[in-house]
Student: 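The structure that follows is given in the form of structure tokens.
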Amino acid sequence: MHKLRVTRVGGGVGLCIAELLNYKERPDLAFPVDGSAESVFAEVNRTKQKNEIVGIFYRPPHSNFIEFLCDLDQVLGKIDRENKLV
């Protein structure tokens, strides 16, 4: 799965997950489109354990670091409330 940049040319992030795993994309966990970073997240369904959240994000060097930390804190808070592995 991937997410391309929409505000500029080039860039984006991608996440490779083995086809044998049962997973779903989690766009609700992504950083805001015009936010401090680009990201994509997925939830891997596990039968005998807690589901696991995996993701990737990229913060461009010129982006606002404080804004990035706030965005990251919001994403981690959402995951924590769901009581899933990261």
Student: Looking only at heavy atoms, which two atoms of Leu21 and Ile17 are closest? And how far apart?
Tutor: CD1-CG2, 3.8 Å
Student: Please check if the side chain of Ser39 supplies one atom and the backbone of Phe31 the other of a donor-acceptor pair under 3.5 Å.
Tutor: yes
Student: Where do Ala42 and Leu15 come nearest, in terms of heavy atoms and distance?
Tutor: CB-CD2, 4.2 Å
Student: Let me check something: do Phe65 and Leu72 share a hydrophobic cluster, defined by ILVMFWY side-chain heavy atoms less than 4.5 Å apart, either directly or through other members?
Tutor: yes
Student: Are Glu43 and Lys84 packed together at the side-chain level, in the sense that at least one heavy-atom pair is separated by less than 4.5 angstrom?
Tutor: yes
Student: Just so I know, are the side chains of Val75 and Phe41 near enough to count as touching, which here means a heavy-atom distance under 4.5 Å?
Tutor: yes
Student: So, taking the atom named CG in Leu69 and the one named CG in Leu76, what distance separates them when rounded to the nearest 0.5 Å?
Tutor: 10.5 Å
Student: Count the heavy atoms belonging to other residues, nucleotides or ligands that lie under 6.0 Å from CD1 of Ile56, then report whether that count exceeds 12.
Tutor: no
Student: Side chain of Lys78, backbone of Asp73: donor and acceptor closer than 3.5 Å?
Tutor: no
Student: Quick one, Ile79 with Leu29, criterion side-chain contact (heavy atoms from CB on, under 4.5 Å). Give me CA distance, side-chain angles, the key distance, then yes/no.
Tutor: CA-CA 8 Å; Ile79 294 170; Leu29 297 176; 3.9 Å; yes
Student: Identify whether the distance between the nearest side-chain nitrogen and carboxylate oxygen of Arg26 and Glu82 falls below 4.0 Å.
Tutor: yes
Student: Find the distance between OH (Tyr23) and CG (Asn51) and round it off to the nearest 0.5 Å.
Tutor: 14.5 Å
Student: Ring centroid separation for Phe57 and Phe68, is it under 6.0 angstrom?
Tutor: yes
Student: Does the side chain of Ile53 reach to within under 4.5 Å of the side chain of Leu85, using non-hydrogen atoms?
Tutor: no
Student: Between Val40 and Glu25, is any pair of side-chain heavy atoms under 4.5 Å apart?
Tutor: yes
